There are 2 protein chains.
Amino acid sequence: MLSKKCKYAIHALVYLAERYQQGPVHIQEIADAQRIPKKFLEAILLELRNAKVLHSKKGKGGGYYLYKKPEDVNLIEIIRLMDGAIAMLPCVSLNYYEPCEECKDEKTCGIRDSFLGVRDETLRILSESTLAKIVKRERVLSKK
Amino acid sequence: MLSKKCKYAIHALVYLAERYQQGPVHIQEIADAQRIPKKFLEAILLELRNAKVLHSKKGKGGGYYLYKKPEDVNLIEIIRLMDGAIAMLPCVSLNYYEPCEECKDEKTCGIRDSFLGVRDETLRILSESTLAKIVKRERVLSKK
DNA sequence: AAATAGTATACTTATTCTATAGACTATAAG
DNA sequence: CTTATAGTCTATAGAATAAGTATACTATTT
């Protein structure tokens, strides 16, 4: 399961993607709209800013705004930033690889293969899921 | 990531699957072979026994043994028993469904779809991964 | 009867998650 | 140039969960 932090991040980013290129959005507005504790949201947006996904503008009329294009931010990137590894086992993780303590020999491990498959499919689906696609999908769904 | 408990369970079950229909295996033997703390393993095997995956025999010469056939136990079942939901969001979980607190309206949520896809693929791959297949795979791999 | 081995409950410890507090810094506007 | 606004940063507190341990009990086999 994704952490709350990660879910908050996704919702905040979708919110900002809906307002892409419409100027900075005040953090309090995002917190209110998405019902996210403001201080918690601050920490999240700060991380996203350090990862160059967002930019911020200080002072009156300031706030956060999407730096990358909505079609260039996908769910994989967000999840990795917030929750870390995507894989269900450390030994099949691309970015957070670690040998399994439990395994004697990775090469003859019959368990790995299944989880490699899961990781590949997860990666495929979630990297195709960009903020642009999510916003588009919401617009289509809400018009029905 | 899977919990240690879940990884231990998988390894213990694979160990028992390798010894299917060869009589009960003493818990200490499994603990030693897989380097699992014995007391922790007891709790795990007990749960698997209550779920009718394993049976046990008490007294001298007793131990645990696979009750279901190795081809009828898959990774999905084990993970569900040990860690709960497979899905990354509660609102796309089959067995542990809960509405998302974060969402206003599930029907117009653009995020859900992606995670539905991930869940389906994960389910497909892991339900095909039976203990029998894992054991077979290990035998093939170790002969190379 | 004695040894073996599984069953059950309770508890500890460590870690992570979620959330909050408060002081600080930069910017815009008057 | 002052004041209000709004983001930045560090620290920390409380709750929940995970991982492992201790102890007592019950059932079975020989």
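Just so it is clear, the structure is predicted and the values come from calculations on it, not from any experiment. Convention: sequence-line order gives letters A, B, ...; per-chain numbering from 1. Note: hydrogens, waters and symmetry copies are ignored here, and every other heavy atom, side chains too, is used.
When each of Q28(A) and G61(B) is assigned the nucleotide of DNA chain D with its nearest heavy atom, Q28(A) is the one assigned upstream, toward the 5' end. Place K57(A) and Y8(A) on DNA chain C by their nearest nucleotides, and Y8(A) ends up nearer the 5' end.
Every residue meeting the salt bridge (Lys or Arg N to Asp or Glu O under 4.0 Å) condition with E101(B), not counting sequence neighbours, appears here in chain and number order: K4(A). Annotation: salt bridge (Lys or Arg N to Asp or Glu O under 4.0 Å) contacts of E71(B) (sequence neighbours excluded): none.
Proximity of residues 29-43 of chain A to DNA chain C (heavy atom under 4.0 angstrom from any strand atom) is restricted to P37(A), K39(A), F40(A).
OP1 or OP2 of dT7(C) sits under 4.0 Å from a side-chain N or O of R49(B). Under 4.0 angstrom from either OP1 or OP2 of dT7(C) there lies at least one side-chain N or O belonging to Y64(B). Phosphate contact (OP1/OP2 of dT16(C), side-chain N/O of S3(A), threshold under 4.0 Å): absent.
Rounded to whole Å, atom P of dT16(C) lies 13 Å from atom CG of D83(A). Between the CG atom of L45(B) and the P atom of dA5(C) there is a distance of 15 Å, given to the nearest Å. Atom NZ of K4(A) is separated from atom C1' of dT16(C) by 15 Å (rounded to the nearest Å).
Closest contact between the side chain of K60(B) and the listed nucleotides dT4(C), dA28(C), dG6(C) involves dT4(C).
The pair E18(B)-R139(B) fails the salt-bridge criterion, with no side-chain N (NZ, NE, NH1 or NH2) lying under 4.0 Å from an Asp/Glu carboxylate O. A salt bridge links R124(A) with E121(A); the closest basic N to acidic carboxylate O contact falls under 4.0 Å.
Side chains of Y65(B) and Q22(B): a donor-acceptor N/O pair is absent below 3.5 angstrom, by distance only. For the residue pair S142(A) and T108(B), no side-chain donor N or O sits within less than 3.5 Å of a side-chain acceptor on the partner.
Atom OH of Y67(A) is surrounded by 12 or fewer heavy atoms from other residues, nucleotides or ligands within 6.0 Å.
Note on residues 34-46 of chain A: pairs passing salt bridge (charged side-chain N to carboxylate O under 4.0 Å, His left out), not counting sequence neighbours, are K39(A)-E42(A). Sorted by first and then second residue, the salt bridge (charged side-chain N to carboxylate O under 4.0 Å, His left out) pairs with a member in residues 108-119 of chain B read E106(B)-R112(B); sequence neighbours excluded.
As judged by a 4.0 angstrom heavy-atom cut-off over every strand, I27(A) is placed among residues touching the sugar-phosphate backbone only.
If you walk DNA chain D from 5' to 3' and mark each nucleotide with an atom closer than 4.0 Å to a heavy atom of chain A, the marks span dT5(D) to dC9(D).
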